[in-house]
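Single-structure report; data block below.
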Amino acid sequence: MRIQRARDFKDMSRKAANILSAQVILDRRSVLGLATGSSPTGVYRQLIDWHGKGDIDFSECVTVNLDEYYGLGPDSDQSYSWFMRKNFFESVNIKPENTHLPNGLEKDAKKECQRYEDMIRCLGGIDIQLLGLGLNGHIGFNEPGAAFEADTHLVTLTQSTIDANKRFFEKEEDVPRKAYTMGIRTIMHAKRILVIVSGESKAEIAKRAFFGPITPEIPASVLQLHNNVTVVGDEAALSLILEEALA
Ligand code: GLP
């Protein structure tokens with residue numbers, strides 16, 4: 001695991017965008033695993049900026065997102081599908097048919113999870129998976145206790161995640177209680193993983209996830225077992241991690 005220290009959110013976003021753009025430049029048909037939340041917004045802004053300057057071309061790229069709320073469709077402005085369009089897809093030349101998220105409107109969980117896993121497999125797997133880190137150590141929506149061997153599945157969100165995500169909704173009652181998420185196994189099969197962490201509130205969980213025991217209680221701790229992980233964190237998020245541990 002390589003850990004890169006960035007000055008602040010902007011620097012973190014730029015460093016992470018550099019890694020993603022290198023992937024796309026080296027292989028224009030890359031399969032990019034993407035994430036939502038506030039952490040990746042700066043990465044998307046930076047990629048849009050470089051795209052606008054003609055430095056990066058997404059016309060052959062394929063994207064697969066980590067997760068989607070159960071019950072929300074692409075027309076809902078709280079869905080992750082909407083988030084991705086507004087924060088990234090609409091501003092670059094990626095083909096809409098090459099962007100994939102779980103279908104939150106599919107009620108048959110078994111069918112939808114199988115479809116998503118099959119789709120990722122048919123694409124030849126994920127070349128690089130971008131991840132944020134939940135306050136409780138979740139990745140995607142794999143909450144504490146999630147089985148490491150799980151593929152894409154339907155989860156019931158914990159109260160801590162509902163609390164953390166209610167800022168995006170008008171009322172807490174509006175936050176969906178369930179979501180489809182790639183499982184830990186799906187994430188661990190990505191060829192490369194890029195984790196971004198920002199802010200003081202993530203300092204404790206970053207230390208525990210990347211330097212503590214590997215346990216399902218902290219889902220992100222499993223990333224210590226992957227052989228190609230880069231963590232880019234800002235000063236505040238890495239403040240509890242010793243200098244010697246940093247790349
Ligand atoms: C959400 C998403 C995760 C994300 C996490 C952290 O629950 N499902 O994929 O990484 O929150 O979000 P933020 O970056 O806003 O802290």
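Owing to the predicted nature of the structure, the values given are computational and were not obtained by experimental measurement. First listed ligand is number 1; within each ligand, the first listed atom is number 1.
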Problem - Polar side-chain atom of Glu200 near backbone of Ala236 as donor-acceptor pair, under 3.5 Å - result: no
Problem - Centroid separation Tyr69 to Phe169 less than 6.0 Å - result: yes
Using a 3.5 Å cut-off and no angle test, enumerate the donor-acceptor pairs between side-chain atoms of residues 217-224 and protein atoms at least two apart in sequence or in another chain.
from, atom 1, to, atom 2, distance (Å)
Ser221, OG, Thr215, N, 2.9
Ser221, OG, Thr215, O, 3.1
Ser221, OG, Ile218, O, 2.7
Gln224, NE2, Ala209, O, 2.8
Gln224, NE2, Gly212, O, 3.0

Exercise for the section: Kindly write out the residues that satisfy side-chain hydrogen bond (donor to acceptor under 3.5 Å, both in side chains) with Lys15, not counting sequence neighbours, or none if the list is empty. Expected result: Asp11
Problem - Lys86: partners by side-chain hydrogen bond (donor to acceptor under 3.5 Å, both in side chains), with sequence neighbours left out - result: Glu90
For ligand 1, find each of its N or O atoms that sits under 3.5 Å from a protein N or O atom, and tabulate the pairs with distances to one decimal place.
from, atom 1, to, atom 2, distance (Å)
ligand 1, 7 (O), His138, NE2, 3.1
ligand 1, 7 (O), Asn165, ND2, 3.2
ligand 1, 8 (N), Asp67, OD2, 2.8
ligand 1, 8 (N), Gly140, O, 3.3
ligand 1, 14 (O), Ser38, N, 3.3
ligand 1, 14 (O), Ser39, N, 2.9
ligand 1, 14 (O), Ser39, OG, 2.5
ligand 1, 15 (O), Ser38, N, 2.7
ligand 1, 15 (O), Ser38, OG, 2.7
ligand 1, 15 (O), Arg167, NH2, 3.0
ligand 1, 16 (O), Lys202, NZ, 2.7

Practice task
State whether a side-chain donor-acceptor pair under 3.5 Å links Gln23 with Asp27.
Solution key: no
